[in-house]
Amino acid sequence: YFVSPVWVMHGAEQKTSRLPACKLPEHRYSHWETPIKRLTLISAPVFWGLAVLIWFLSQFPIIGIPLTFIGTWVHELGHGIGALITGGEFERMIVSPNLSGVAYTVPNGPAGFASVLISGLLAPAMAGGVILVLSRGLRQGRFAMLLLSGLLITSGLIWAGDLFTRATILLTGTLIGLIASEAAKR
């Protein structure tokens with residue numbers, strides 16, 4: 001019998017739903033002994049604590065402005081990459097001094113238009129996930145910063161639509177690259 005992964009705990013006994021299938025070994029964990037529950041008990045407060053800390057620190061302009069700028073850049077770049085993937089054109093992007101942005105794209109049909117719309121929303125989440133995966137250790141963190149620096153500089157040279165956007169993207173990319181190279185020396 002297949003033991004359903006969803007267990008209902010009643011005292012020391014478990015009630016499981018049984019479906020015809022292959023027989024799997026039954027593991028008898030108490031409610032607090034499952035590895036997933038222990039990990040959740042530790043990681044959930046740490047996650048929310050870090051989220052509150054990041055939000056609090058982002059209220060200071062020295063930290064908040066660069067984070068917002070990079071978030072806007074990733075969002076607008078996502079719109080442009082969505083257009084390119086579906087055969088459209090990515091003409092330019094502009095990030096304004098108030099940290100809002102616009103991407104000028106030419107979508108390729110209705111599916112391309114939908115791709116341009118959704119990719120702007122997905123790009124920050126996907127970029128954050130990639131950076132988390134790439135920066136699991138100190139050496140990988142330097143690699144992630146160098147990759148981010150390269151992407152910033154490349155996109156600033158190719159798609160920046162005005163002087164403010166080009167200067168800010170190139171300066172940000174250069175600073176991140178310098179930080180990463182300085183970290184490599186230590």
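Nothing fancy with the numbering, it's 1 onward along the sequence.
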Q | Linked hydrophobic residues, Tyr104 as query - side chain contacts closer than 4.5 Å | A | Ile94, Val102
Q: Indicate the atoms forming the closest heavy-atom contact of Thr105 with Gly80, along with that distance.
A: CG2-CA, 4.0 Å
Q: Locate the shortest heavy-atom distance separating Ser119 from Gly82; write the atom from each residue and the value.
A: OG-CA, 3.3 Å
**Q.** Leu53 atom CG, over 12 foreign heavy atoms within 6.0 Å
**A.** yes
**Q.** Steps toward side chain to side chain contact (heavy atoms under 4.5 Å, CB included) verdict (Ser155, Ile169)
**A.** CA-CA 8 Å; Ser155 69; Ile169 288 176; 4.0 Å; yes
(Q) Could you report the tightest heavy-atom contact between Gly112 and Pro107, atom names first, then the distance? (A) C-CB, 3.7 Å
Q. For Gly173, does its backbone N or O pair with a side-chain atom of Ser149 as donor and acceptor, under 3.5 Å?
A. yes
Q.
Looking at Ile62, I want to see if its CD1 is surrounded by more than 12 non-hydrogen atoms of other residues, nucleotides or ligands under 6.0 Å.
A. no
Q. What pairs meet the ring pair (Phe, Tyr, Trp, His ring centres under 6.0 Å) rule with one or both residues in residues 69-103, with sequence neighbours excluded?
A. His75-His79, Phe90-Trp159
Q: Hey, could you give me the CG/OG1 distance between Leu99 and Thr168, rounded to the nearest 0.5 Å?
A: 9.0 Å
Q: Identify the two heavy atoms, one from Asn98 and one from Ser100, that lie closest to each other, and give their separation to 0.1 Å.
A: OD1-OG, 2.7 Å
Q: Please check if Leu77 and Ile85 belong to a single hydrophobic cluster, counting links between Ile, Leu, Val, Met, Phe, Trp and Tyr side chain heavy atoms closer than 4.5 Å.
A: yes
Q) Are Leu152 and Leu170 side-chain neighbours, meaning at least one heavy-atom pair lies under 4.5 Å? A) no
